[in-house]
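Here's the structure we're looking at; comments come further down.
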Amino acid sequence: MEWRQKMSRTSLTSTVFLKEIRETLRDKRVILGVIVSPLLVTPLLIGTVLFFAGKKEIEKQASIVEVGIVEQSAFPELVKRLKTDEGFNAHEIDSREAAKQAIEDRTIRAALIISENAQTEFSSNNSAPLEILYNFANENSQYAQARLRNFIGKFDKEALADRIEAASLSENFAKPTKVETTNIAAGSSAGSFVLGLFLPYIIVMSAAFGGIQTAFDLCAGEKERGTMETLLVSPASRYEIVTGKLLTILTISFIASCCAITGIIAPIAFGLEFFKKLVGDSISINFISVVWMMLIVIPLALFTSSLLLVISSFARNQKEAQTYILPFFAVVILPAVLSTVLGAESHIYTAFIPILNISLTMKQIFGDLFDPLYFGISLATSFLYAFLAMRLAASFFQREQILFRT
Amino acid sequence: MIVAENLTKTFRDKKRGLVKAVSNVSLTSEPGKIFGLLGANGAGKTTTLRMLATLLEPTRGTATIAGFSIRDNPQEVRRNIGFLSGSTALYGRLTAREMIQYFGKLNGMSGPELTSRIDELVERLEIGEFQNGRCDKLSTGQKQRVSIARSIVHSPPVMIFDEPTSGLDVMTSQTIMAFIEQCRTDSLTVVFSTHIMSEVERLCDHVAIVHKGIIAAEGSVGDLHAQTGETSIEKAFLKIVNGMEAEDV
């Protein structure tokens with residue numbers, strides 16, 4: 001008898017779930033926000049931004065930088081090199097003040113101020129005093145400063161080699177130590193680490209926000225449209241109704257996360273150049289990590305879906321539900337942002353903080369830093385929080401003063 | 001059959017304190033009869049019907065519907081009732097047929113039994129032309145016909161109507177009234193709430209006048225005329241209600 005009752009409950013829950021899914025998937029707003037946008041619009045936007053950013057970088061590198069030289073007769077060796085460098089267009093400037101004005105007027109981007117004794121000091125194997133004048137508030141001026149430093153760095157390297165040779169010293173004279181760094185991470189885990197920096201954030205946000213429209217439509221929307229009473233007067237219990245609705249929100253949130261993951265991973269997997277630039281050329285995707293991440297998004301989505309259902313059951317209508325969403329934003333966004341700042345190997349207590357724990361677990365998976373204890377606690381606490389939020393949503397559904405609030 | 005005994009519902013309101021929405025309402029409605037609850041807005045009709053439909057739990061008292069207690073066996077009660085109110089809406093993104101099918105499934109129907117029942121209702125209520133059209137594209141009259149089909153898909157022995165013609169035009173109201181009469185012909189037990197006097201005169205076998213949460217008077221339309229010495233239900237209603245107001249003062 002008991003199993004029959006259980007079967008009947010499952011059957012009514014699945015009836016509610018299938019109807020809600022069918023109706024939700026006919027909602028153009030949901031299709032656009034949950035499927036079309038993350039699969040097409042987001043990759044296109046990221047692609048476009050990266051494409052133009054890359055193009056600008058290439059243009060910058062190929063560009064000729066306008067620089068000024070003050071007191072150029074004081075260091076002819078360096079000035080000659082600078083004037084013959086194809087990357088610079090060097091102008092003679094009379095004074096420091098004139099150079100400053102020229103930078104402000106943007107006729108030059110940066111200026112090299114050479115002190116009067118520069119050549120003397122240089123020839124005496126001392127350091128030639130130089131100053132680079134630039135405007136930090138101007139991006140192009142910053143870039144010109146970097147190019148000048150790079151140029152001087154090269155000059156220094158060659159001059160140092162000459163000095164070592166002149167002094168009949170070994171090449172290693174200027175290198176007291178010889179350090180080699182070896183990255184033991186496989187290509188995939190290095191790439192995964194980079195992905196792990198931002199993917200958890202995107203997944204958490206899409207899991208949490210992907211279900212908003214559906215959650216608001218399924219409860220507050222039903223109250224508003226007057227279909228809730230019809231549903232409650234059916235033989236389905238409130239528990240079966242709330243479970244069916246929760247499963248729908250969970251499914252949509254999960255689809256939103258999967259679409260967000262696919263929207264980022266697929267272009268990389270297909271080897272689009274501008275996406276490769278995002279994560280480094282050597283990247284290869286560890287698909288096992290991706291599958292793991294999709295699995296652990298379930299308790300997270302269950303938690304956020306339950307919270308959304310609580311808000312939606314409490315609100316009289318969709319408009320009111322939107323006013324209650326602000327605390328939800330804080331609950332989701334703060335841990336999500338925190339996860340981008342904290343390292344994957346954070347203290348074990350973070351495994352008890354909802355949302356943050358799952359984000360950091362994802363980070364660990366992507367960085368090959370998987371900790372079974374951390375993972376276990378995160379999973380257990382996430383399911384516990386989801387269960388508590390679910391109970392709260394179910395209790396709201398039992399309360400007449402909430403369901404029939406006018 | 002519906003038997004309600006001393007149904008009472010109180011709730012707490014922030015501004016008004018403890019509010020008695022319904023007080024000691026007892027009623028009996030038999031198969032093949034239409035029991036009408038007549039009262040002004042806020043009289044307690046909807047609260048009474050919501051308690052009968054197990055949407056609200058009574059503070060005191062109880063009722064049995066088709067032999068099932070609303071307190072002990074609410075799910076069976078809901079399985080045995082059809083509920084239709086004027087504010088009942090449909091799921092806009094489902095088709096008319098899907099809407100009826102959904103409520104059939106919620107009532108435990110499936111397979112050929114459900115399909116043939118839907119076909120029967122589609123034919124009887126002339127839904128065929130728009131059965132595959134989305135509910136949000138239907139006219140008010142078409143929506144009401146789908147609502148009727150939805151409420152009776154599981155062939156309930158008891159029908160509860162809460163102001164079913166509220167906000168409807170004359171033609172659509174006639175469809176609903178004809179449907180309620182058909183329920184009587186089919187020997188269903190019908191409880192019907194309204195504030196429209198002409199509907200009471202046309203439909204009800206037994207009327208209870210509800211005012212401020214209590215049944216102020218009851219009987220057939222003729223009984224109420226006799227009790228008040230008036231010749232119309234409207235005047236009888238006003239006399240009873242005004243009499244209660246005068247007593248309160």
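Order of the sequence lines fixes the chain letters, A, B, ..., with proteins taken first and strands second; residue numbering starts at 1 for each chain. The figures here come from the full heavy-atom set of this structure, side chains too, leaving out hydrogens, waters and symmetry mates.
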When rounded to the nearest 0.5 Å, the distance separating CG of A:Leu18 from NZ of B:Lys105 is 7.0 Å
Hey, mind stepping through B:Tyr102 and A:Thr15 against side-chain contact (heavy atoms from CB on, under 4.5 Å) and telling me if it holds?
CA-CA 7 Å; B:Tyr102 178 47; A:Thr15 300; 3.8 Å; yes
Chain A contact via B:Ile160 - which portion, at a heavy-atom distance below 4.5 Å
neither
Contacting region of A:Arg26 [heavy-atom separation from chain B under 4.5 Å]
both
B:Tyr91, part contacting chain A, at a heavy-atom distance under 4.5 Å:
both
Is it true that, when you exclude A:Phe387 itself, more than 12 heavy atoms of the residues, nucleotides or ligands shown sit nearer than 6.0 Å to its CZ?
no
Determine the minimum heavy-atom distance between B:Thr54 and A:Arg238, stating which atoms define it.
O-NH2, 3.8 Å
What part of B:Arg12 gets closer than 4.5 Å to chain A, counting heavy atoms only: side chain, backbone, both or neither?
neither
Going through the distances and angles, do A:Val233 and B:Leu55 end up as a side-chain contact (heavy atoms from CB on, under 4.5 Å)?
CA-CA 6 Å; A:Val233 90; B:Leu55 290 170; 4.3 Å; yes
Of the backbone (N, CA, C, O) and the side chain (C-beta and beyond), which part of A:Leu231 lies under 4.5 Å from a heavy atom of chain B, both, or neither?
both
Hey, could you give me the CG/OG1 distance between B:Leu84 and A:Thr230, rounded to the nearest 0.5 Å?
8.5 Å
B:Arg93/A:Glu20 ion pair, N-O < 4.0 Å
no
For residues A:Pro235 and B:Gln75, report the shortest heavy-atom separation together with the two atoms involved.
O-NE2, 2.7 Å
To the nearest 0.5 Å, what is the distance between OG1 on B:Thr46 and CD on A:Glu229?
8.0 Å
Considering only NZ, NE, NH1 and NH2 on the basic side and carboxylate oxygens on the acidic side, decide whether A:Lys19 and B:Glu98 come within less than 4.0 Å.
no
Can you tell me how far CG of B:Leu94 sits from CZ of A:Arg22, rounded to the nearest 0.5 angstrom?
7.0 Å
Contact summary for B:Leu106 and A:Ala236, nearest pair of heavy atoms:
CD2-CB, 4.0 Å
Side chain / backbone / both / neither for B:Glu57 at chain A, heavy atoms under 4.5 Å:
both
Does B:Gln182 have more than 12 heavy atoms from other residues, nucleotides or ligands lying within 6.0 Å of its CD?
yes
Report the option among B:Arg50, B:Glu76, B:Arg150 that has the most heavy-atom pairs separated by less than 4.5 Å from atoms of chain A.
B:Arg50
Is the number of heavy atoms from other residues, nucleotides or ligands within 6.0 Å of CZ (B:Arg71) greater than 12?
yes
Is chain A contacted by the side chain of B:Ser110, its backbone, both, or neither, given a heavy-atom distance below 4.5 Å?
neither
